[in-house]
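Below, chains carry the letters A, B, ... as their sequence lines are ordered, and counting in each starts from 1. Note: hydrogens, waters and symmetry copies are ignored here, and every other heavy atom, side chains too, is used.
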Amino acid sequence: MIAQVIVDVAARQTDRVFDYLVPEGLEISIGSRVIVPFGNRKVQGFVVGFSEKSQFQGQLKDLLLVVDEMPPLTKELVALSADLAQQIFAYRISILKTMLPSVMRANYRKILVPVSDRAKAMPFFAGDVLDLSKISDPHLLKLVSQLLKNGDAEVEYLVEDKAKKKMTVLYTPLLSLEGYQELLTKVKKNAVQQQKLLTDLFENFAAYPKTREQLEGQKISLATLNSAVKKGWLGQKQVESYRKPAVLAKEKSQPKKLNDEQEAAYEAITQDVQERKSQTFLLEGVTGSGKTEVYLQTISEALKIGRTALMLVPEISLTPQMVAQVQARFGKEVAVLHSALSEGERYDEWRRIRRGQAKVVVGARSAVFAPLDNIGLIIIDEEHEGTYKQDKNPRYHARDVAIWRSRYHHCPLILGSATPSLGSRARAQKGLFKLITLKKRAKSQALPRVDLIDLKHVQFAGGQFDISVNLAEAIQKRLDRREQVILLLNRRGFANFMLCRNCGYVLKCPNCDLSLTMHKDTGVMQCHYCGHQEAIPTFCPNCHDRQIRFLGTGTQKVEEELGELFPAAKVLRMDVDTTRRKGSYEKILTAFGQGEADILLGTQMIAKGLDFPNVTLVGVINADTGLWLPDYNASEKTFELLTQVAGRAGRADKEGQVMIQTYNPDHYAIALSQKQDYELFYAKEMQVRRAGNYPPYFYTVLVTIASKNEQNAAREAFNIKRVLMAQLHQPTIILGPAPATVSRLKNQYLYQILVKYKKEDKLNALLHQLQDQAQEIKKYGLTVEIDTEPERIM
DNA sequence: AGCACGCCGACT
DNA sequence: GTCGGCGTGCTC
C-alpha cells in the first residue's frame, strides 16, 4: 500500500503529495500524522490518500511512524484543505497545520551522536546527545565537522512536538460490594484513612472507577491508595485526563420565551436544520434584539436530531460572560477554543471535540476548523468583523470555510450582525442568503441619543485639539453624577493622510476618489490603488489655508489631556500597549465594571459587546480617521464602528448619550450612524460601490510582488500586469502596479496589483501559473503573494 | 525550507 | 594544495 503524504515543508516545490510505502501492520488512515524520511532528514507529514501504484520513477521509501493513535484530521478536513489551498493560494501544508492545535506542530532537532568508542569516551559528549542547533561556537563547530568526517559521530534528525497528554490514575474496584463490606468490619479502628476509603467503596460503589484527583478531592491520600492497590483492593491504570478549563456557568439556563420576530427566525432556521439544507441565513438584528437566544435555541434543535453545532464569535467578544451563556444552556457538551486558553488546555479541548465528546464548539476564527463530525448548524456571530479573515498566510476567511463546511454537512449557516458586511447583505438581497431581520429590542429600550459635534466649528477644551468643550462638559456632568464614560479613539487611521483644519478637506487621489497617504521616506503623497503621486502640500488645495494636519492621534496623548482637563477623574486606558499581557484585557474591564475608574479610554477593542450599566456617555474622539483610509471599505468600517460603539451607552435603565466628534458631520457614514440606520447606509454605500466598481459589485484579488531588489520587483509586477491584461477581459479592471503603503518590509520591496472582476473563469489558474513562474526564477528572490478579497489594500 | 553538491577565492 | 563562500537543484 502506498500513502500519499503532504510533507511539512512549506515551499512551492514541495507543495504536492509525496508517495511512501506503508510497512505492514501500521494502523493508518487518511488524516494520519506521520513521520517520513525526506531527503536526508525526517519530517512530519499528513496522509491525504492511498494508492496501489505510484508515478514516481525512483525507489519509494517506507514511512517511519504513525504519530497518533487516532488520526488528528478527519476526511472532511483533508478534503477541505485541498479546496482551500487552491482558492486562497496557500500551501496545503500551511492549511493543514492551522487546522491543528499549535502543540502538534513539529519541532525539528539535529543532534550529534557519538558512534566510535573513541568519541563516546570524549568529555565533549558529556551525557549522550548534543543539540547541533544550539552550537554556535566556531571552535566547537570545527570539532563537530572533524568528528563527522572521521566517522566518529553521526547526525541524527529528530521530530518532536509539544503535545503532552496529561495522565492520571484510574482506580477500579477489584472486589465485590460484599467484599468491601467484609473488609470494613475487619479493618483496624485506628486506620481512619483505610476506613474512609472502604466506606466510600461500599457506599458509592457505582461511582467507581474514580480518578486520583477525585479521590484526593475526598481527602483520601495517595499513600492510602497505594497500599490499597498493594493489598489487592483496587486496580490501577494510567489514563489520559483533560485539562478542562473551568466551567463558568453555575446553573443551567432554560430557553427564554421568544418574541414573534425571534420565533419566525427560529422556525425558518430549524426547518432547514431538520431538513438538512445547506442554506445560509443572514440574521440582521439591532443590538439587544436577542440574536443570542435564537442561536441557542437553534443549536438545541441541531442537538435534538443527533447532530453537533459550531459557533464562531470574534475573539474580542469571546468573553467569560459569553462562554458562560452557552455553557449554561449546554453544560459539559460545550468545548471552547480561544486564545486565553493555555496551549495544553486548547489541545485538550480540541481532543475532546475530535473524540466526539463535545457536541457544541464555541470559538474564534480558527475554530472554524474544529474537528466536529456530523455538524447540524454553524453560526457566525458579528459576521461583519474583519477578524474572521486571517491577515497572514494562509489568508482564509472563516465565513468561506463555514460555507464550505455547511455544504459538506448539509446544514444551515447563520450569519448574525447588527451591521452586516455589505457583501453578505448584498447576497441576501440577491437571494443567495436568506435574510431575517430582528427590528425590536428584546427589552424595548430606546436607542441612545446620538449627537454629532462638528469639529470645524467648535472650541477645544484643551490645547491638543482632541476634546471639544461640548464633550468636556458632558464628561464633567457624568463625573459630577458619579456615572461612567467610555471614550473611543479611532486608531484605524494611523496611516498619515492630509486633513485641512479649516474646511475639513482631505487630499484625495484624482483617479480613485480615495485619500492619498503620506510617505515620509520618499516625500510624496501617494495613492495605493493606482500609484498616482504628488508632492506633500503645505497649504490646503481647497481653501488655501495653511492649517493642514497629517493625522494620527494616540491614546497616550488623549490620556494626558484628560488628566489636565479632569485632574480628579480616574482614567483607564485600553489599547494594544496596555493589553499586551495575558489577562490584562479582562483585568481592565473588570476594574472599570466595578467602578474603579470614571473614564475608559480605548481603541476599537472597547467598541464591541461591552455592557456596563453605569456608562451613560460614550464619546468618540475622532470619527474621521478611518474614513479616508485608502480602502474602499473605509465608510463601511466607520459606520460599523460608530454604530457598535453607540450601542455601549445606556444599556440599563439609565438614559444613554453618545457624542461623536467629527470634521465630516455630513458624510453619510457618520450622519447615518447618528440615526443608527443600517438599511439607509446599506443603500447609499451600495451606490458608492457601484459607481466605483468596488465589491460587492466586483470581486477583488490583490497580488503583491516582493523582492529585495526594487527594480526586479517592479519589473515582475509590470510583467504580471501585462499577462493579466492580455488574458483578462472587460469588465475586469487591473489597477497598479503601485508600491505598497509600507513599500519596504524586512528589506523586501513590495509592489501591488489589484484585479477587480465580475467573472473570470481562468483567473485562478492564471494566477497560480504566474505565481509559479515568478517564483521559479529564483535568482531574483521574487515572491508573489495573492490575497483574495483583501480586507485592507494598503 | 533544508541540505548536498559543486565550483571559485584566500589561507595554514 | 584545502577550507568555505553561496548559487543550483532535489526531496517520494
Sugar-phosphate only, base, or nothing, as touched by Lys42(A) at under 4.0 Å among non-hydrogen atoms: nothing
Side-chain donor/acceptor contact of Arg41(A) with base of dA1(B) under 3.5 Å: yes
Cationic tip of Arg715(A) above Phe718(A) ring, under 6.0 Å, 45° of axis: no
Touch class at under 4.0 angstrom, heavy-atom based, for Tyr20(A) against every strand present: sugar-phosphate
Presence of salt bridge, Asp761(A) and Lys759(A), under 4.0 angstrom: yes
Salt-bridge contact Glu343(A)-Arg105(A) (side-chain N to carboxylate O under 4.0 Å): no
Short side-chain N/O contact to dC3(B) OP1/OP2 from Lys110(A), under 4.0 Å: yes
Spacing of Leu754(A) atom CG and Thr704(A) atom OG1 [to the nearest 0.5 Å]: 9.5 Å
Gap separating the CD atom of Glu156(A) from the CG atom of Leu112(A), nearest 0.5 angstrom: 10.5 Å
Modelled atom types, side-chain donor and acceptor of Asp19(A) and Ser54(A), under 3.5 Å: yes
Nearest to side-chain heavy atoms of Ala11(A), which nucleotide of dC12(C), dC3(B), dA1(B): dA1(B)
Ser366(A): which of Arg346(A), Glu315(A), Gln390(A) passes side-chain hydrogen bond (donor to acceptor under 3.5 Å, both in side chains): Arg346(A)
Whole angstrom value for the distance that separates P of dA1(B) from CZ of Phe38(A): 13 Å
Is_stacked (Phe18(A), dC12(C)) at 5.5 Å, 30 deg: no
Side-chain donor-acceptor contacts of residues 30-43 of chain A below 3.5 Å, not counting sequence neighbours, with atom names and distances?
| unit_1 | atom_1 | unit_2 | atom_2 | d |
| --- | --- | --- | --- | --- |
| Ser32(A) | OG | Ser29(A) | N | 3.0 |
| Ser32(A) | OG | Ser29(A) | O | 3.0 |
| Arg33(A) | NE | Asp68(A) | OD1 | 3.0 |
| Arg33(A) | NH1 | Gln44(A) | OE1 | 3.3 |
| Arg33(A) | NH1 | Met104(A) | O | 2.9 |
| Arg33(A) | NH1 | Asp161(A) | OD2 | 2.5 |
| Arg33(A) | NH2 | Asp68(A) | OD2 | 2.8 |
| Arg33(A) | NH2 | Asp161(A) | OD2 | 3.0 |
| Lys42(A) | NZ | Tyr157(A) | O | 3.0 |

Rounded distance in Å - CG (Asp15(A)) to C1' (dC10(C)): 16 Å
Separation between CG of Asn719(A) and CG of Leu782(A), rounded to the nearest 0.5 Å: 10.0 Å
Members of residues 86-95 of chain A that approach DNA chain B, where some heavy atom sits under 4.0 Å away: none
Distance, rounded to the nearest Å, where Leu782(A) contributes CG and dG7(C) contributes C1': 16 Å
Under 3.5 Å, which protein N or O atoms sit close to an N or O of nucleotides 4-12 of chain B? Give each pair with its distance.
| unit_1 | atom_1 | unit_2 | atom_2 | d |
| --- | --- | --- | --- | --- |
| dA4(B) | OP1 | Asn40(A) | ND2 | 3.1 |

Sugar-phosphate, base or nothing in reach of Arg16(A), heavy atoms under 4.0 Å: base
